[in-house]
Amino acid sequence: MSLSNVIAQMISEMLDGKDEVEFRRNTLAQDLGCVPSQINYVISSRFTPERGYIVESRRGGGGFIRIAKVNCDGETLLMHVVNSVGNSLDEGTCRGHLANLVYRDLLSERDARLVLTAVSDSCLRAVEPQTRDRVRASIFKQLLITIMNN
């Protein structure tokens, strides 16, 4: 298992059954025998808003990292996703949002595959590359709103 997976698993275990966890980055790095920047990498890539987490950090001697699970009802979470997308959305971030919605049982795997197909780079091939992410964001938000209203 890669070091990133070990770090992610350890943080997930700390979160298991809790809404949030707080720890010192340097202490966790020492416990795992890695550099603190590796902890930062895992947090920034795996504990993201599109995956349902809010991360707060404070630097310095008394610094900490706090990771909280976003807990809200389905409609609120869907609206949070719609509002957080903004005017531009790349395909990878779209995948992350959809995976989180499936994980939280707010979207079926079938619906997620359909949405991903509709906003994929291959489907948007005819759209100019410089505007593709804006078109993807618009389609993605409209599809989620439609799903939410059904």
Side-chain angles (χ1 to χ4, degrees), residues 1-25 28-29 31-32 34 36-58 64-150:
M1 183 182 298
S2 75
L3 181 57
S4 293
N5 289 339
V6 170
I7 295 168
Q9 182 178 352
M10 187 170 198
I11 294 171
S12 293
E13 288 173 1
M14 292 185 329
L15 273 164
D16 195 30
K18 299 177 186 169
D19 289 336
E20 71 178 38
V21 65
E22 186 175 302
F23 56 89
R24 293 182 185 273
R25 181 181 70 142
L28 185 59
D31 291 347
L32 292 168
C34 68
S37 62
Q38 185 71 36
I39 306 293
N40 286 350
Y41 167 76
V42 170
I43 291 170
S44 66
S45 63
R46 302 198 187 182
F47 295 90
T48 61
E50 54 269 7
R51 291 186 179 192
Y53 297 96
I54 296 173
V55 177
E56 177 186 350
S57 65
R58 185 170 305 156
F64 64 87
I65 294 175
R66 181 180 298 133
I67 301 175
K69 293 179 189 175
V70 175
N71 290 317
C72 52
D73 64 77
E75 188 172 314
T76 302
L77 182 57
L78 278 170
M79 284 310 300
H80 171 71
V81 170
V82 168
N83 291 328
S84 71
V85 167
N87 295 324
S88 182
L89 179 66
D90 64 80
E91 190 172 348
T93 303
C94 181
R95 285 179 190 275
H97 282 302
L98 292 170
N100 183 44
L101 294 172
V102 169
Y103 174 76
R104 292 174 177 257
D105 292 325
L106 298 175
L107 200 61
S108 70
E109 287 193 30
R110 178 184 179 275
D111 286 346
R113 282 193 309 272
L114 289 171
V115 170
L116 188 56
T117 299
V119 298
S120 68
D121 282 337
S122 61
C123 189
L124 297 174
R125 187 177 359 196
V127 178
E128 294 293 325
Q130 61 270 24
T131 60
R132 192 172 292 161
D133 287 350
R134 288 196 324 245
V135 171
R136 183 186 343 269
S138 179
I139 294 169
F140 181 75
K141 291 189 283 188
Q142 288 305 310
L143 286 170
L144 286 184
I145 289 169
T146 300
I147 289 169
M148 188 172 50
N149 289 329
N150 285 331

Using residues 133-141 as the side-chain source, report each donor-acceptor pair under 3.5 Å to any protein atom, sequence neighbours left out, with the distance given to one decimal.
from: D133; atom 1: OD1; to: R136; atom 2: NH2; distance (Å): 3.0
from: R136; atom 1: NE; to: L89; atom 2: O; distance (Å): 2.7
from: R136; atom 1: NH1; to: V119; atom 2: O; distance (Å): 2.4
from: R136; atom 1: NH1; to: D121; atom 2: OD1; distance (Å): 3.2
from: R136; atom 1: NH2; to: D121; atom 2: OD1; distance (Å): 2.7
from: K141; atom 1: NZ; to: G86; atom 2: O; distance (Å): 2.7

Closest heavy-atom pair and its distance - [X], [Y]:
X    : Y    : answer
L15  : K69  : O-NZ, 3.6 Å
A118 : C123 : O-SG, 3.7 Å
F47  : A8   : CZ-O, 3.7 Å
C34  : I39  : SG-CD1, 3.9 Å

Pair S4-R46, side chain to side chain contact (heavy atoms under 4.5 Å, CB included): steps then yes or no: CA-CA 9 Å; S4 293; R46 302 198 187 182; 3.6 Å; yes
With rounding to the nearest 0.5 Å, note down the distance linking [atom1] in [X] to [atom2] in [Y].
X    : Y    : atom1 : atom2 : value
L114 : L143 : CG    : CG    : 9.0 Å
L98  : E91  : CG    : CD    : 10.0 Å
L144 : M79  : CG    : CE    : 9.5 Å
I65  : N40  : CD1   : CG    : 5.5 Å
I7   : S12  : CD1   : OG    : 11.5 Å
R95  : H97  : CZ    : NE2   : 13.5 Å

Donor-acceptor contact below 3.5 Å, side chain T93 vs main chain D90: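 No; zero donor-acceptor contacts below 3.5 Å.
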Do [X] and [Y] touch side chain to side chain, with heavy atoms closer than 4.5 Å?
X    : Y    : value
I11  : F23  : yes
S57  : R25  : no
M14  : I67  : no
L106 : I147 : no

Greater than 12 external heavy atoms within 6.0 Å of E109's CD: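 No - once you tally the heavy atoms of other residues, nucleotides and ligands closer than 6.0 Å, there are 12 at most.
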Heavy-atom neighbours of N83 CG exceed 12 at 6.0 Å: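 Count over threshold, so yes.
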Result of checking V42, N5, L32 against M10 for side chain to side chain contact (heavy atoms under 4.5 Å, CB included):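 The option that passes is L32.
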side-chain hydrogen bond (donor to acceptor under 3.5 Å, both in side chains) partners of R113, counting only residues at least two apart: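 R113 satisfies side-chain hydrogen bond (donor to acceptor under 3.5 Å, both in side chains) with no other residue.
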Partners meeting side-chain hydrogen bond (donor to acceptor under 3.5 Å, both in side chains) with S120 (sequence neighbours left out):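 Per chain and number, S120 pairs via side-chain hydrogen bond (donor to acceptor under 3.5 Å, both in side chains) with S122.
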